[in-house]
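Okay, so here's the structure we're looking at.
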2 protein chains.
Amino acid sequence: MERTSFAGMRCSLARGLDRIGDWWSPLIIRDLYLGVTRFDDLVEDLGISRNLLARRLKALAANGMIARKAYQRRPLRYEYRLTEAGRDLIPALLALTAWGDRWAAPKEGSPMLHEHAACGCRFTPQVTCSACGEPIDAGSVMATRGPGGAAKAGTKVLARRLPPPTPGR
Amino acid sequence: MERTSFAGMRCSLARGLDRIGDWWSPLIIRDLYLGVTRFDDLVEDLGISRNLLARRLKALAANGMIARKAYQRRPLRYEYRLTEAGRDLIPALLALTAWGDRWAAPKEGSPMLHEHAACGCRFTPQVTCSACGEPIDAGSVMATRGPGGAAKAGTKVLARRLPPPTPGR
DNA sequence: ATCATCAAGTTCAATAATTGAACTAATATC
DNA sequence: GATATTAGTTCAATTATTGAACTTGATGAT
């Protein structure tokens, strides 16, 4: 049967995953970000089936993550570029990559390093609190009910259990 | 055919995705983190097929993300808890959730809000530079070759194109 | 002119994964 | 003795993923 859609769930993680679309998409987005933007290059880089890549690119475009642009005429050829939404996903993918570096890196070490243009340093992406700037971890975060929450598929049990937000924050 | 494994790719994003396992897994991990830890509660909360949940829980346990623990005897009943690797994934999932809030939230608003226990504020997870602390975006990050990089499936083209790291950083 | 090449896909058959519904097993409660 | 709870397993139907071969439109070489 068709895979269950996460688009209607009352959970921004589920809805975000639904926009991304499938398992190959984060790698496609990473490749576009790093400059591998053409169909045949993506096939060669990722080892993905041409058939599946074509469908994924269409779906990502339909979801507003990427856009197809002609880079030459005669013969007409297209490449793919990230939209604003797609580019905005990059920091989250970098946070995931950093987790992969910590828990699943090859024995030779990290496949990729990152430098921050603004400060000129090699760095590790960190997830921090927008209020105090400190790195966050599972133990220091409390989830509360938001205005868009509902006890529907995806958060049926959760929505009932989440506490209301602390007043005055 | 069997889904292509990302485990051997020379890319920490791909290897990380492979550990997570599949599309339902981030939601399962979120639920375990938020206290929905029992089989039937997960089925009800997510609307996932019982059959598939059973397989996903086994795979996540095999990947070291979760652990099964008995919470009572007579009758013997189990619940699932995040391991250290699983808990360490939460900040990255929060970064993804924040992206979902920005680009895919329901019209009523965010389904869930977050408070930081350390500073007492409501906040948005941000991905920042570990060196200077500033928020990062796609334009301010440069990727370079790391020691574990290789022109294998998953980064065949990329590994050839990435610049070497800037010396002395 | 003809032939091979390139880039961006499409078409096809085989295999594997997801789904929903029904079933099992061990205890506890009415 | 009958029903409820909880954590799964089994099964058939439907989709999705895969890899290989094919298509299309144009360029460059012989």
Side-chain angles (χ1 to χ4, degrees), chain A residues 1-9 14 17-18 20-28 31-32 36-62 66-81 153-154 156-157, chain B residues 1-9 14 17-18 20-28 31-32 36-62 66-81 153-154 156-157:
Chain A
M1 311 201 111
E2 199 177 351
R3 204 185 66 191
T4 305
S5 168
F6 292 175
M9 291 184 177
L17 290 171
D18 195 86
I20 293 169
D22 94 330
W23 222 223
W24 284 105
S25 300
L27 300 185
I28 295 171
D31 270 17
L32 298 186
V36 179
T37 60
R38 297 182 187 181
F39 193 92
D40 278 21
D41 286 346
L42 287 166
V43 168
E44 192 193 349
D45 191 59
L46 299 174
I48 187 176
S49 175
R50 311 178 71 78
N51 158 354
L52 188 52
L53 177 60
R55 247 184 306 155
R56 285 297 109 215
L57 290 171
K58 271 178 199 154
L60 281 167
I66 69 176
R68 194 170 79 143
K69 290 185 80 168
Y71 65 87
Q72 71 171 33
R73 313 200 162 272
R74 316 191 50 83
L76 191 54
R77 292 284 180 265
Y78 296 100
E79 65 178 352
Y80 294 87
R81 296 302 188 101
K156 216 161 203 171
V157 174
Chain B
M1 309 202 109
E2 198 176 352
R3 206 187 66 192
T4 304
S5 167
F6 292 174
M9 291 185 176
L17 290 171
D18 195 84
I20 294 169
D22 94 330
W23 222 223
W24 284 105
S25 300
L27 299 185
I28 295 170
D31 270 17
L32 298 186
V36 179
T37 60
R38 297 184 187 178
F39 193 93
D40 276 23
D41 285 347
L42 287 165
V43 168
E44 192 194 349
D45 191 58
L46 299 174
I48 187 176
S49 175
R50 311 178 71 79
N51 156 350
L52 187 52
L53 177 60
R55 248 184 305 155
R56 286 297 109 213
L57 289 171
K58 270 178 200 153
L60 281 167
I66 67 176
R68 193 170 79 144
K69 291 185 79 170
Y71 66 87
Q72 70 170 35
R73 314 203 159 270
R74 317 191 49 80
L76 190 54
R77 292 283 181 262
Y78 296 99
E79 65 178 353
Y80 294 87
R81 296 302 188 101
K156 216 161 201 170
V157 174

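Each chain gets a letter, A, B and so on, in the order its sequence line appears, and its residues count up from 1.
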Shortest side-chain distance from R3(B), nucleotide among dT15(D), dT19(C), dT18(D): dT18(D)
Partner residues of R81(A) under the salt bridge (charged side-chain N to carboxylate O under 4.0 Å, His left out) criterion, sequence neighbours left out: E79(A)
I'd like to check the side chain to side chain donor-acceptor pair (under 3.5 Å) partners of R55(A); sequence neighbours left out, ordered by chain and number. N51(A)
Residues in side chain to side chain donor-acceptor pair (under 3.5 Å) contact with D31(A), at least two apart in sequence or another chain: none
Can you name the salt bridge (charged side-chain N to carboxylate O under 4.0 Å, His left out) partners of R68(B), sequence neighbours left out? none
With the threshold set at under 4.0 Å for non-hydrogen atoms, list the residues of residues 37-52 of chain B touching DNA chain D in residue-number order. R38(B), F39(B), D40(B), R50(B), N51(B)
Could you check T4(A) against Y80(A) and say which one's nearest nucleotide on DNA chain C is further toward the 5' end? Y80(A)
A54(A), nearest nucleotide to its side chain (from dG8(D), dT10(C), dT18(D)): dT10(C)
Of all residues at least two apart in sequence or in a different chain, which pass the salt bridge (charged side-chain N to carboxylate O under 4.0 Å, His left out) check with R77(A)? none
When Y71(B) and D22(A) are each assigned the nearest nucleotide of DNA chain D, the 5'-most assignment goes to Y71(B)
Do the non-hydrogen side-chain atoms of L27(B) and I48(B) ever get within less than 4.5 Å of each other? no
side-chain contact (heavy atoms from CB on, under 4.5 Å) with V43(A): which residues, sequence neighbours excluded? F39(A), R50(A), L53(A)
Protein N or O to nucleotides 25-30 of chain C N or O, pairs below 3.5 Å:
unit_1	atom_1	unit_2	atom_2	d
dA28(C)	OP1	R74(B)	O	3.0

Partner set under salt bridge (charged side-chain N to carboxylate O under 4.0 Å, His left out) for R56(B), not counting sequence neighbours: D22(B)
